[in-house]
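Chain letters run A, B, ... following the sequence lines, proteins first, then strands; residues in each count from 1.
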Amino acid sequence: MLDNPAAALTIFVLAIFVGFEVISKVPPLLHTPLMSGSNAISGITIVGAILAAGSEERTLSTVLGFVAIVFATINVVGGFLVTNRMLSMFKKKPDRA
Amino acid sequence: MLDNPAAALTIFVLAIFVGFEVISKVPPLLHTPLMSGSNAISGITIVGAILAAGSEERTLSTVLGFVAIVFATINVVGGFLVTNRMLSMFKKKPDRA
Amino acid sequence: MNAQLIQFAYLASAVLLIVGMRNLGSPKTAPRGNLIAAAGLLVAVVATLLVQGVVSYGTILAGIVVGSAIGVVLATRIQMTAMPQMVALLNGFGGGASALVASAELLSYVRVGEEPTGIVPLAIVLGVLIGGLTFTGSLVAFAKLQELVSGAAVVYPGQQFVNGLLALITLGLGAAMVMNPLGLDPYFGMVALALLLGVLLVIPIGGADMPVVISLLNSYSGLAACATGFVLGNAGLVISGSLVGASGIILTKIMCDAMNRSLGNVLFGAFGAVDQTVSAGASGGEQRTAKGYTPEDAAVIFSNARSCIIVPGYGMAVAQAQHAVRELSDLLESKDISVKFAIHPVAGRMPGHMNVLLAEADVPYENLVEMDQINSEFPETDVALVIGANDVVNPDARTDKGSPIYGMPILDVDRAQHVFVIKRSMNPGFAGVQNPLFFNDNTMMIFGDAKGVALKLVEAVRDLS
Amino acid sequence: MNAQLIQFAYLASAVLLIVGMRNLGSPKTAPRGNLIAAAGLLVAVVATLLVQGVVSYGTILAGIVVGSAIGVVLATRIQMTAMPQMVALLNGFGGGASALVASAELLSYVRVGEEPTGIVPLAIVLGVLIGGLTFTGSLVAFAKLQELVSGAAVVYPGQQFVNGLLALITLGLGAAMVMNPLGLDPYFGMVALALLLGVLLVIPIGGADMPVVISLLNSYSGLAACATGFVLGNAGLVISGSLVGASGIILTKIMCDAMNRSLGNVLFGAFGAVDQTVSAGASGGEQRTAKGYTPEDAAVIFSNARSCIIVPGYGMAVAQAQHAVRELSDLLESKDISVKFAIHPVAGRMPGHMNVLLAEADVPYENLVEMDQINSEFPETDVALVIGANDVVNPDARTDKGSPIYGMPILDVDRAQHVFVIKRSMNPGFAGVQNPLFFNDNTMMIFGDAKGVALKLVEAVRDLS
Ligand SMILES: NC(=O)c1ccc[n+]([C@@H]2O[C@H](COP(=O)([O-])OP(=O)(O)OC[C@H]3O[C@@H](n4cnc5c(N)ncnc54)[C@H](OP(=O)(O)O)[C@@H]3O)[C@@H](O)[C@H]2O)c1
Ligand SMILES: NC(=O)c1ccc[n+]([C@@H]2O[C@H](COP(=O)([O-])OP(=O)(O)OC[C@H]3O[C@@H](n4cnc5c(N)ncnc54)[C@H](OP(=O)(O)O)[C@@H]3O)[C@@H](O)[C@H]2O)c1
C-alpha cells in the first residue's frame with residue numbers, strides 16, 4: 001500500500017499533525033493514563049510481529065517474530081489494562097458535596 | 001500517487017481529522033476571516049485547472065480548463081487578499097488604555 | 001521536474017496550508033497564517049506548472065492574469081459590511097472551477113476513448129455535482145445578500161417534493177455515469193440538474209440565513225476540490241479540500257448552535273417566510289407601547305455611569321455605524337466610563353461579523369468580549385447600549401417556551417441597570433418575533449438610524465460636560 | 001481476505017485509535033477512549049491474521065497467550081505509586097518488539113536474497129536502531145526506578161565524548177547497511193551498539209529525571225513502530241506510531257517546561273549527581289534552623305480554619321499516604337473547612353502522578369486543581385498543607401536568580417496564612433536545593449513519615465472537637 005514514498009510520507013506527516021493536535025488537548029489531570037495509554041498503542045508493532053512470525057517455514061525470522069509477538073502483546077495488554085485500572089479510579093464528586 | 005484507493009482514503013480521513021482539530025481551535029473573534037481564508041484555500045482546485053488547461057492541443061478540455069483557471073484564481077487571489085485586509089484591521093489595545 | 005519531487009512539493013504545500021490555518025487561531029499570528037497559507041497555494045501552483053505535459057503556459061498565464069485582476073478588484077473594493085456576499089461570490093467561483101476541472105478530465109477521457117477506472121468515475125461525478133451545485137447556489141446567495149433579488153424566502157406548495165424528486169433524478173444520472181463513464185448524455189443532464197438544484201435549494205432560504213448556507217457551500221466547495229483531487233490522483237488537492245470541508249462544517253454547526261436551530265430547519269424551514277407571521281402573533285397578544293427617548297435623555301444617564309457594555313447587531317452593519325460607535329466609545333472612556341463590546345456569535349449576518357466591523361473602526365480586539373465571558377457582567381453594568389441588535393438580546397429566548405427563538409443563547413442585557421436600544425422602529429429583527437426587552441422599565445428606546453443616533457449621542461454627551 | 005479490504009481495516013483501526021485518544025481528553029470519556037483504542041488495536045490484529053501468507057496460527061497464538069498472561073499479571077499487580085517503572089518496562093517491550101520485527105524482515109530479505117528497495121533499507125535501520133535503544137534504555141530506567149540499581153546519576157570523565165563517539169559509529173554502521181542492506185556484519189555491530197547506547201545514555205540521568213526519559217523513549221517506541229510500518233508498507237503502523245511519537249514529545253516538553261529545564265539539560269546535565277552539592281551550597285550560606293511542631297499544634301490551627309489547600313508531592317507517593325490524606329481531607333470537610341488539592345504538573349515522579357494516586361484514594365477529580373488555577377487562591381487560604389512536596393513549593397524559584405530551579409513555576413504556598421510541611425527531615429528534594437519556605441514565620445514543619453503524620457493529624461483534629 002505504501003509502495004509510493006510520497007504517499008507514505010504524506011500519511012506520516014498528517015498523522016503527526018493529528019497526534020499533536022489531539023494530545024495537546026489532554027489536560028494534565030490525565031497525563032499519566034495518557035502516557036500509559038499511548039504507550040500501549042506503540043504495541044501496534046504486534047501487527048508486524050504477526051506478519052514476521054506467521055509464515056509457514058520455521059526460520060530465524062519466525063523465531064524473532066515469535067519473541068516480538070510476546071513483547072508486543074505484553075506492551076499492548078499490560079498497557080491497556082493498567083490504563084483502564086487508572087481511569088476507572090477517576091470519579092466525579094458524589095452527592096455529599 | 002493515489003492509484004491506491006486505500007492510501008487515498010487514508011489521506012482523506014487524516015486530513016479531515018486535522019481540519020476538524022485545527023479549525024475548532026479558532027476563536028469566534030476570527031470566524032469571518034477564517035471563513036474567507038478557508039474559502040480561498042478551496043481555490044486549490046487551480047492545480048487541477050492548470051493540468052486541464054495546460055496540454056498542448058486546443059480541445060474543449062483546455063477551454064474548460066482556462067475558464068476554471070480564471071474562476072479558481074479569482075477565488076484564491078480575492079480570498080487571500082480580502083482575508084489579509086480584514087486581519088490587518090485587528091489591533092491590540094494601544095498604550096492609551 | 002521529477003514526478004516524485006512534485007509530489008513532495010504538494011506535501012510541502014499541504015503542510016504550509018495546515019500550519020497557516022493553525023496560525024489563524026489567534027489575532028496576533030493570523031496575518032502571518034494567511035500569508036503562510038497563500039505561500040502553500042503558491043507552492044502547489046508552481047509545482048503544477050512543472051508537471052510534464054503542462055506546456056501551454058500562455059493560456060495558463062492568461063487565465064491567472066485575468067483571474068488575479070478580477071480578484072484584486074473585488075478584494076480591495078468590497079466594503080467590510082458586504083463580506084457575506086463577497087465570500088458567497090468567491091465560493092461560487094471555487095465550486096465552479098472544480099466542476100469545470102472534473103468535466104475537463106471527463107472530456108479528455110472521452111476524447112482519448114479510455115475508460116477511467118477505480119474511484120475516478122465516482123470522483124468525477126461528485127466533482128461535477130457538488131461543484132455545480134455550489135456554483136449556482138453561491139450565486140443565488142450572493143444575489144440575495146447583495147439585494148439583486150429579494151432576500152425573502154421563496155416558497156411554494158410542493159417545493160420540497162419537487163426538489164427531492166430532482167435530487168433523486170440527478171443522483172440517478174450520476175449513478176448511470178459511474179456505470180458508463182464515457183456516455184456523455186447523462187453527464188449533460190446531470191450538469192443541468194446540478195446547476196438547477198443549486199438555485200432551487202437556496203431560494204427557499206431567507207436572506208439572513210444565507211451565512212449558514214454560504215458556510216455549508218464553502219464546505220461543499222472544499223469537498224468538490226477534494227473530489228477533483230481523487231480524479232487527478234493528487235494528494236495536495238485531497239488534503240486541502242478536506243481542510244476546507246471540515247472548516248465549513250464546523251462553522252455551519254457553530255452558527256446553528258448559536259441560533260439553537262438544526263441545520264435541517266435552516267435549510268428547509270423557510271425561516272423568514274411563513275414562520276414570521278405565526279411567531280409574531282405568538283408573543284404579541286397584548287398591545288404594549290414602548291417609550292421613545294432622545295439622545296439627550298440618554299446622555300444624562302451616561303453622566304452618572306461608570307460602566308457601559310455596547311451590544312452591536314445587524315443594524316449597526318447596515319447603517320455603517322461602526323466608526324460613529326467607536327467615537328462614542330472613545331468619548332465615554334475619556335469620561336472614565338469603562339466600555340466593552342459584547343459580541344454574540346451570530347450577531348450580524350456572518351459569524352464573527354461584528355468583530356471585523358469593529359476592528360475596521362480600530363476598536364482593539366481585547367475589548368471585544370464573547371457572550372459566555374460577558375454575560376455575568378451585565379448585572380453590575382450601568383448601561384447596556386444595544387445598537388441595531390434585536391434577536392440576540394431577546395429575553396424570550398430564555399423564558400418563553402413558545403417563542404421560535406426559545407433556547408437560543410442570548411446576551412443578558414435586560415439585567416443591566418439601564419438599557420438603551422437604538423433602532424429605527426418597533427419592527428422585529430430577523431427571527432420576526434417581538435422583543436419584550438423594549439417594554440421593560442429600565443429600557444429606553446432611541447429611535448433612528450444607528451449611525452445618526454450614535455453621532456447625536458456623541459454630541460449630547462459632549463455637550464453635557 | 002482481500003488485500004484491499006485489509007488495508008481498509010487498518011484505516012478503520014487507525015480511526016479508532018485516533019478517536020480513542022481524543023476521548024482520553026476528559027475524565028468522563030477517558031475510560032471509553034481507552035476501550036476504543038484497544039478495539040482499534042484488536043481490529044488491526046484481526047485484519048493481520050487474515051493476511052495471506054500468515055499461516056502459523058499456532059506460533060502466533062502461543063506468543064499472544066504468553067504475552068497476554070505476563071501483561072495481565074503486570075497490570076493487575078502493579079501499585080499505583082510504581083506507575084513510572086511500569087510504563088518504562090512496557091515501553092521497553094514495545095521498542096524491543098519493533099527492533100525484532102525490523103530484524104526479522106531484514107533476515108527474510110537476506111534469506112530470499114532479494115535486495116530491499118526504496119525507503120525500506122533506511123526504515124529497517126531506523127527500526128532496529130531506535131527500537132534497540134528504546135529497549136535497553138527503558139530497562140535501565142525501570143531498574144533505576146524500581147531501585148534494582150542506584151537511582152543516582154552515574155557520571156565519569158569523558159562520558160559525553162564516549163557516548164558521542166559510539167553514536168557516530170552506530171550511525172556509520174547504519175549508513176553502511178542502507179548502502180548494502182544484505183551485508184549482515186554491520187547489522188550485528190549496529191544492534192550491539194544500539195543496545196549499548198540505550199544503557200549508556202540513560203545511566204547518567206538521575207532517578208527523578210527518569211519520567212522525562214521514559215516519555216522520550218515512549219516517543220521513540222512510537223517512531224520505531226512507525227519505521228516498521230515503512231518497512232512493511234503498512235499505513236496502520238505508520239499512523240499509530242506517529243500518534244505515539246507525537247504524544248511522547250508533547251509530554252516530554254510539558255515536563256521540561258514545568259521544570260524550567262531544557263531537554264538537553266535533562267539528558268546530559270546529570271542532574272542529581274554533580275549539581276546537587278553545588279546548589280545545596282548556593283542557598284545554604286547562613287545556617288538557620290526550622291522549628292518542628294507536633295500534629296497537635298497543627299490541629300489547634302485547623303480548629304480556627306475555614307479553608308485548606310493540600311499540596312501533595314513525591315513524599316506522599318513514597319509513603320503511600322494518599323488514603324490517610326483522603327481521610328484527613330474528609331474529616332476537615334466534615335468540620336466545614338473547604339479542602340482543595342493543588343497539583344503541580346511535575347509533583348511526584350511522572351506527569352499527572354498525584355492525580356492518579358489521589359483518584360485511587362477516591363478524591364473526586366473536581367477537587368484536584370491545576371497550578372495556574374489555584375495559585376491566586378493561596379493568599380485567601382488559611383492553611384496550605386504540604387505533604388512530601390519540596391521543590392514544587394520552593395519560593396527561591398520565584399526570587400533567587402542563583403538557584404538552579406530559578407524560573408520553574410511553583411505553587412505559591414508561602415502566601416497562605418499558615419503553611420504546614422510534612423516531611424521526614426530537612427533533607428532537600430530532588431533538585432538538591434534548600435527550601436527557604438521551611439524557615440518562614442508562618443511555616444510549621446511537622447517531621448515524620450507522610451502517612452504516619454497524616455494519621456496523627458486525623459486523630460488530633462478529631463480529639464480537639
Ligand atoms: N451572524 C450569523 O452568522 C447569522 C447567520 C444566520 C442567521 N443569523 C440571524 O441574524 C440575527 C442576528 O441578530 P441581530 O440581533 O444582530 O440582528 P436582528 O435580530 O436581525 O435585528 C437587527 C435590528 O437592527 C435594526 N436595524 C436595521 N437597520 C438599522 C439601521 N440602519 N439603524 C438602526 N437599526 C437598524 C432592525 O430594527 P429596525 O428595522 O426597527 O431598525 C432590527 O431589529 C439572528 O436572528 C440570527 O439568528 C445570523
Ligand atoms: N513529576 C514529574 O514528571 C517529574 C519528572 C522529572 C523530575 N521531576 C522532579 O521531581 C521533583 C518533584 O517535586 P516534589 O515536590 O513532588 O518532590 P521533591 O522535591 O523530590 O521532594 C519530595 C520530598 O518528600 C519528602 N519525602 C520523601 N519520602 C517521604 C516520606 N516517606 N514521608 C514524608 N516525606 C517524604 C522528602 O523529604 P525528606 O527526605 O525530608 O522526607 C523530599 O523533600 C521536582 O524537582 C521535579 O522537577 C518530576
Side-chain angles (χ1 to χ4, degrees), chain A residues 1-2 5 11-12 15-16 18-20 22-26 28-32 34-39 41-45 47-50 52-54 56 60-61 64-84 86-93, chain D residues 7 21-22 24-25 27 30-31 34 38 44 48 54-56 59-60 63-64 66-68 70-71 74-75 87 90-91 93-94 96-98 100-101 103-104 107-108 119 218 221-222 225 228 232-233 235 237-240 242-244 246-247 250 345 350-352 355-356 359-360 364-366:
Chain A
M1 150 170 199
L2 298 183
I11 290 174
F12 175 66
I16 293 272
V18 174
F20 270 102
V22 170
I23 304 296
S24 54
K25 273 189 193 148
V26 178
L29 177 69
L30 294 170
H31 277 168
T32 294
L34 170 66
M35 203 156 155
S36 62
S38 71
N39 185 4
I41 292 180
S42 70
I44 181 81
T45 195
V47 163
I50 293 176
E56 188 101 55
L60 188 53
S61 291
L64 292 185
F66 174 77
V67 182
I69 290 183
V70 175
F71 276 18
T73 311
I74 297 177
N75 188 355
V76 170
V77 173
F80 280 127
L81 275 185
V82 85
T83 308
N84 192 47
M86 272 190 273
L87 289 174
S88 62
M89 295 181 325
F90 282 88
K91 282 178 213 80
K92 270 188 89 72
K93 207 174 243 166
Chain D
Q7 293 179 356
M21 296 279 260
R22 293 191 70 188
L24 274 185
N34 189 49
T48 311
V54 171
V55 282
S56 323
T59 320
I60 295 171
I64 292 182
V66 173
S68 300
I70 302 177
L74 282 178
V87 172
L90 293 178
N91 194 45
F93 286 127
S98 289
L100 287 169
V101 170
S103 302
L107 294 182
S108 54
I119 203 164
N218 190 11
S221 73
T228 62
L232 298 163
L237 275 172
V238 172
I239 297 174
S240 328
S242 322
L243 284 180
V244 180
S247 145
I250 290 179
M350 192 172 183
N355 298 305
V356 173
E360 187 196 9
Y365 59 77
E366 295 100 324

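- Here the closest non-hydrogen pair linking S24(A) and I250(D) is N-CD1, 3.9 Å.
- Between chain D and the residues I41(A), I50(A), N84(A), N39(A), the most heavy-atom pairs under 4.5 angstrom are made by N39(A).
- For the set A52(A), S88(A), G79(A), G48(A), the entry with the most heavy-atom pairs within less than 4.5 Å of chain D is G48(A).
- Among G43(A), G19(A), A53(A), A68(A), the residue with the largest count of heavy-atom pairs under 4.5 Å with chain D is A68(A).
- Proximity to chain A involves both the backbone and the side chain of S240(D), based on heavy atoms less than 4.5 angstrom apart.
- Contact count against chain A (heavy-atom pairs under 4.5 Å) is highest for A97(D) among G352(D), A97(D), G71(D).
- For the 3.5 Å distance criterion, the side chains of S36(A) and T83(A) qualify, holding a donor opposite an acceptor.
- When each of P27(D), S103(D), A38(D), S221(D) is scored by its heavy-atom pairs under 4.5 Å with chain A, the top score falls to A38(D).
- Note: V47(A) leads I16(A), V47(A), L81(A), V18(A) in heavy-atom pairs under 4.5 Å with chain D.
- Note on L107(D), T228(D), T48(D): by heavy-atom pairs under 4.5 Å with chain A, the leading option is T48(D).
- Contact of P31(D) with chain A is made through backbone and side chain together, with heavy-atom distances under 4.5 Å.
- Ranked by heavy-atom pairs under 4.5 Å with chain A, the list G222(D), S247(D), A44(D) is led by S247(D).
- Of the listed residues (I70(D), I239(D), N91(D)), the one with the most heavy-atom contacts under 4.5 Å to chain A is N91(D).
- Both the backbone and the side chain of I60(D) come within less than 4.5 Å of a heavy atom of chain A.
- Listed here is the closest heavy atom pair of G78(A) and L90(D): C-CD1, 3.8 Å.
- The most heavy-atom pairs under 4.5 Å with chain D, out of L34(A), V26(A), V70(A), L29(A), come from L29(A).
- Contact tally against chain D (heavy-atom pairs below 4.5 Å) for V67(A), L60(A), V22(A): the top residue is V22(A).
- Heavy atoms only, all atoms of each residue included: S68(D) and V77(A) are closest at OG-CG2, 3.7 Å.
- I64(D) is listed as a side-chain neighbour of I69(A), based on a closest heavy-atom distance under 4.5 Å.
- By number of non-hydrogen pairs under 4.5 angstrom with chain A, the leading residue of L243(D), N218(D), V54(D) is N218(D).
- Contact check for S42(A) versus N75(A): side-chain heavy atoms found under the 4.5 Å cut-off.
- Taking each heavy atom of T45(A) and A225(D) in turn, the nearest pair found is CB-CB, 4.3 Å.
- Shown here for L64(A) and A104(D), the closest heavy-atom pair between the two residues is CD1-N, 3.9 Å.
- Across all their heavy atoms, F12(A) and S242(D) have their closest contact at CD1-OG, 3.4 Å.
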- Task: Assess whether side chain to side chain contact (heavy atoms under 4.5 Å, CB included) is satisfied between L30(A) and N355(D), documenting all intermediate values.
- Result: CA-CA 8 Å; L30(A) 294 170; N355(D) 298 305; over 6 Å; no
